[in-house]
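Excluded from the calculations below are hydrogen atoms, water molecules and symmetry mates; all remaining heavy atoms, backbone and side chain alike, are included. For clarity, every value in this text was computed on a predicted model and none was experimentally measured.
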Amino acid sequence: MATNPASETRRPRRTADEVNEEIRALWLRCGGRLSTEQRREYQRLVTEWAAAEAAGQPEGHGSPTRAA
């Protein structure tokens with residue numbers, strides 16, 4: 001599904017912790033092995049997480065984690 005840049009700018013920014021939770025959920029859903037599409041989603045989420053960290057949004061500590 002293609003994303004619309006205009007719709008992304010209207011989306012409220014999430015905290016690093018919120019994005020990290022989605023990263024964890026992705027790893028849990030895929031059982032530790034990412035498909036090509038899941039890898040793209042993971043990369044998008046890590047980019048979003050890094051932007052939230054850089055913006056200094058509260059409660060984002062360290063690098064994003066994945067479920068073991």
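Between the CH2 atom in Trp27 and the CG atom in Leu45 there is a gap of 11.5 Å [rounded to 0.5 Å]. To the nearest 0.5 angstrom, Asp17 atom CG is 10.0 Å from Trp49 atom CH2.
For the pair Arg39 (side chain) and Leu34 (backbone), a donor-acceptor distance under 3.5 Å is present. Side chain of Glu53 to main chain of Ala50: no donor-acceptor pair is present (N/O by atom type, distance under 3.5 Å, no hydrogens or angles).
Shown here are the side chain to side chain contact (heavy atoms under 4.5 Å, CB included) partners of Glu21, two or more places apart in sequence or in another chain: Arg24. Partners of Thr36 according to the side chain to side chain contact (heavy atoms under 4.5 Å, CB included) rule, which considers only residues two or more places apart in sequence or in another chain, are Arg40. Among residues two or more places apart in sequence or in another chain, the salt bridge (Lys or Arg N to Asp or Glu O under 4.0 Å) test is passed with Glu41 by Arg44.
A salt bridge does not link Arg13 with Glu48: every distance from a Lys NZ or Arg NE/NH1/NH2 to an Asp or Glu carboxylate oxygen is 4.0 Å or more.
Taking every heavy atom of both residues into account, Arg33 and Gln38 meet most closely at O-OE1, 3.6 Å. Considering every non-hydrogen atom in both Ala16 and Ala52, the closest pair reads N-CB, 3.6 Å.
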